[in-house]
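The first residue in the sequence is number 1, and the count goes up from there. Bear in mind that the values here come from a model prediction, so they are computed numbers and not experimental data.
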Amino acid sequence: MSSHQPTYRRLTGLLRLNGRSAVLETGDGDLIFLVSEDDLAPFHDQQVVAEGQMAGPDRLTLTWIAPASA
């Protein structure tokens, strides 16, 4: 019997809002959908750092988000 532990990740990239979805485009070109009850509009078209639990290969349940410092 194996226990599956969700992976906690910290990702950096450009946040884009696409209708009802928030998508993080990483520097590697990956698209990660962010799952959050929070309003992410203030981060639209900004470089951000996002942390949370991976809920699949392309979905991050957001715990924390902030602008990325240059």
Side-chain angles (χ1 to χ4, degrees):
M1 174 190 264
S2 69
S3 65
H4 175 70
Q5 294 282 340
T7 304
Y8 194 84
R9 298 281 309 270
R10 172 182 262 191
L11 302 170
T12 303
L14 180 65
L15 181 77
R16 301 220 188 250
L17 297 178
N18 181 10
R20 293 179 12 180
S21 299
V23 179
L24 184 70
E25 183 177 340
T26 69
D28 294 335
D30 293 329
L31 298 178
I32 306 295
F33 292 90
L34 301 181
V35 179
S36 176
E37 297 293 323
D38 296 331
D39 179 13
L40 300 178
F43 299 106
H44 179 59
D45 284 339
Q46 290 188 36
Q47 290 289 325
V48 298
V49 177
E51 292 185 5
Q53 298 287 339
M54 293 302 295
D58 65 349
R59 193 163 305 275
L60 181 77
T61 302
L62 196 61
T63 301
W64 178 83
I65 189 168
S69 52

Seminar exercise, completed: Correct closest heavy-atom pair for T61 and A55 would be OG1-CB, 3.8 Å

Exercise. Who are the side chain to side chain contact (heavy atoms under 4.5 Å, CB included) partners of D39, not counting sequence neighbours?
Worked result: A41, P42

Exercise. Can you name the residues that form a side chain to side chain contact (heavy atoms under 4.5 Å, CB included) with T63, not counting sequence neighbours?
Worked result: Y8

Other members of the hydrophobic cluster containing [X], with the 4.5 Å side-chain heavy-atom rule, please.
X	value
V49	W64
L14	none
F33	V23, L31

Seminar exercise, completed: Rounded to the nearest 0.5 angstrom, the CG-CG distance for D30 and L24 is 9.5 Å

Exercise. CG/L15 to CD1/I65 distance, rounded to the nearest 0.5 angstrom?
Worked result: 5.0 Å

Exercise. Taking side chain as C-beta onward, heavy atoms only, is L40 less than 4.5 Å from V48?
Worked result: no

Exercise. Is the shortest heavy-atom distance from the side chain of L11 to the side chain of I32 under 4.5 Å?
Worked result: yes

Seminar exercise, completed: Contacts satisfying salt bridge (Lys or Arg N to Asp or Glu O under 4.0 Å) that involve residues 45-67 (not counting sequence neighbours) are R10-E51, R16-D45

